[in-house]
Amino acid sequence: MAALSKSIPHNCYEIGHTWHPSCRVSFLQITGGALEESLKIYAPLYLIAAILRKRKLDYYLHKLLPEILQSASFLTANGALYMASFCILRRGLLTIYMANLATETLFRMGVARGTITTLRNGEVLLFCITAAMYMFFFRCKDGLKGFTFSALRFIVGKEEIPTHSFSPEAAYAKVEQKREQHEEKPRRMNMIGLVRKFVDSICKHGPRHRCCKHYEDNCISYCIKGFIRMFSVGYLIQCCLRIPSAFRHLFTQPSRLLSLFYNKENFQLGAFLGSFVSIYKGTSCFLRWIRNLDDELHAIIAGFLAGISMMFYKSTTISMYLASKLVETMYFKGIEAGKVPYFPHADTIIYSISTAICFQAAVMEVQTLRPSYWKFLLRLTKGKFAVMNRKVLDVFGTGASKHFQDFIPRLDPRYTTVTPELPTEFS
C-alpha cells in the first residue's frame, strides 16, 4: 500500500491527453467521438427493441429519437466527463484508487495476484442459480413486474404463468376456432408454415398432462416449437448486431457479407436461447407428470437446469448483469415487505462507484479489466484511452504499462513539467 502514497510531478497533458496539449480540445475530441459511437450503439438497439415490441407509428414519430438521444448523451457523459475531471483534479488518480470496491474488478485483481483461484465454468453456474431464482419469481404471483416480466413471458411463453385470464374451456374454444379458420382459409405454405406442419406431423399424437396449459400442443411439440422459435430469435438478433460492421465493408470486402448469416456466434446465441426454453419447458412438463400438479417450486429446478444452456454461449457479462439485477429485484422486494431500509439515490451512487473503478482499472491496470469493456472504451474514445502515458504510473506498482511497453508519447516540451522521453526513432 506504500505505492498509493507516492506522487508524480507530471501534468494532465503528460499523462492523460498525450495527443494534444490543450485540455479543452482534448475534451471536445473525446466528447465528439463518444457521441458518435453512442449513437451507433443505441440507434439500432432501440429500433430493434421497438420492432420486437410492435410499437405503433406514434412511437417512431415522437418517442424513438428522444430515447436514443437520452441514452446516447448518458453514455457520452461517461467518457467526456471523465477526461474533464482528470484535467480539473489533476491528482484524481488516488481518489479513484480508493473507490476500488467493484466485485468483478476485485476478483480479477485477485486472480492476477494469485490470491483467488478461478472456478471452471463459473459463469455457467452463476447463470444457473440466477435463472432458477428468476423463473421462480416469474411463476409466483406478483413476483416480477415491468420489463423483466414481459421479457420472460416473451421468452418462455405465457403458458408457464400460473394465472391466466382465460379458462381451459375458453382456451379449447380458441383452439377449435383456429382450426376452423385454417380449414376455411388454407394457409400459404411458406418456409415457416412448412416447418410448423412438419413438427405437427411428428408430435400430433403426443401426450399432454392435464395440468399443462399449452392447450394447442402436446408436451413434445411444445418443447420443440419453443426451441425453434427462440433459436430463430437468437439467430436474428446476432445477425442484426453484425449488420453495421458488415455494411462498413460492403464495397471493400463484399465476401464479409456472408459472415453475416454464417457466423458461428449466430448459431451459438440461437442454441443458447433455444435450449434454455426447451429445457425449461421440458423439465416443467416432466415435473407436472411426475408430481401430478403444477407448482411454482418446479420453476427453481427447471430454471437451474435450463441455465446449463449457457454452455453454448458462455458470457460472464450476461451472468454478472442478470445476477446484479436479481439482487436489485430482491432488494426492492425487501423494501416493499419492510424488511430492509430504502437508501435514496442508491442506484446512482453504485453506478458512480462502479464507473470510477472500471475507469481506474483502464488507466492503472488494463490487464485486470474485462477485455470486451476495454475494447468498448477504445471504441468510445476513438482509441484515445490507449495513448495515455502509463509508464510514469508504474511507480504505483500496478503494472500500468504492462501492455504498452513499446508506446512513448510524442510530447511537446513547451507544455511539460518534466523533460519528456523521446521515442526510439528520435533517441
Side-chain angles (χ1 to χ4, degrees), residues 48-49 51-54 124 127-128 131 134-135 138-139 149-161 164 171 174-175 178-179 181-182 186-209 212-243 258-289 298-299 302-315 318:
I48 293 172
I51 295 173
L52 292 177
R53 293 180 179 180
K54 299 179 180 179
V124 178
F127 181 71
C128 289
Y134 264 121
M135 301 317 299
F138 177 70
R139 288 294 310 273
F149 177 81
S150 300
L152 287 178
R153 183 175 60 181
F154 171 78
I155 293 172
V156 301
K158 62 183 179 181
E159 295 85 2
E160 295 300 328
I161 304 175
H164 291 274
K174 289 183 179 180
V175 174
K178 287 184 178 180
R179 287 177 179 172
Q181 291 176 352
H182 289 174
R187 181 176 54 191
R188 188 173 60 182
M189 297 305 292
N190 53 21
M191 183 59 68
I192 298 177
L194 289 172
V195 172
R196 186 179 181 89
K197 184 178 180 180
F198 175 71
V199 173
D200 287 339
S201 64
I202 294 177
C203 309
K204 185 176 181 180
H205 302 291
R208 182 185 65 81
H209 193 269
C212 294
K213 297 183 176 67
H214 45 87
Y215 302 108
E216 295 186 27
D217 303 295
N218 57 66
C219 293
I220 298 175
S221 63
Y222 178 59
C223 298
I224 295 176
K225 290 179 180 179
F227 175 85
I228 295 174
R229 174 175 170 269
M230 289 311 300
F231 179 90
S232 303
V233 170
Y235 178 85
L236 291 175
I237 289 176
Q238 197 66 40
C239 284
C240 292
L241 292 176
R242 297 179 63 85
I243 286 176
L258 294 176
S259 65
L260 181 67
F261 303 100
Y262 297 102
N263 188 272
K264 183 175 68 173
E265 292 184 357
N266 297 4
F267 296 97
Q268 288 176 333
L269 182 59
F272 165 50
L273 294 178
S275 59
F276 179 88
V277 173
S278 60
I279 293 174
Y280 178 80
K281 290 184 173 182
T283 305
S284 298
C285 288
F286 176 76
L287 292 174
R288 285 190 281 261
W289 279 91
H298 293 174
F304 185 89
L305 293 178
I308 301 175
S309 60
M310 182 167 271
M311 295 295 292
F312 290 108
Y313 192 82
K314 293 183 180 180
S315 174
I318 294 176

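- Phe231 approaches Ala271 most closely through the heavy-atom pair CD1-N, 3.4 Å.
- Atom-to-atom distance recorded for Ser150:OG and Phe154:CZ is 11.5 Å, nearest 0.5 angstrom.
- Minimum heavy-atom separation, Gly307 to Phe127: O-CD2, 3.3 Å.
- Taking every heavy atom of both residues into account, Met135 and Gly303 meet most closely at CG-CA, 3.9 Å.
- When all heavy atoms are compared, the tightest approach of Arg229 to Ile155 is NH1-O, 3.5 Å.
- Crowding of Phe267 atom CZ: a count of heavy atoms from other residues, nucleotides or ligands under 6.0 Å exceeding 12.
- Sorted pairs that involve residues 268-287 and meet side-chain hydrogen bond (donor to acceptor under 3.5 Å, both in side chains), not counting sequence neighbours, are lacking altogether.
- Residue Ala299 comes nearest to Arg139 through the heavy atom pair CB-CG, 3.4 Å, listed as atom of the first residue, atom of the second, then distance.
- The side-chain heavy atoms of Phe138 and Arg153, taken from C-beta on, include a pair separated by under 4.5 Å.
- Listed by chain and number, the residues in a side-chain hydrogen bond (donor to acceptor under 3.5 Å, both in side chains) with Tyr134 amount to none (sequence neighbours excluded).
- Glu159 and Lys213 get closest at one heavy-atom pair: O-CB, 3.8 Å.
- Around atom CZ of Phe286, no more than 12 heavy atoms belonging to other residues, nucleotides or ligands sit under 6.0 Å away.
- Legend: residues meeting side chain to side chain contact (heavy atoms under 4.5 Å, CB included) with Leu269, ordered by chain and number and at least two apart, are Ile237, Gln238, Phe272, Leu273, Tyr313.
- You'll find the side chain of Tyr235 reaches within 4.5 Å of the side chain of Cys239, heavy atoms only.
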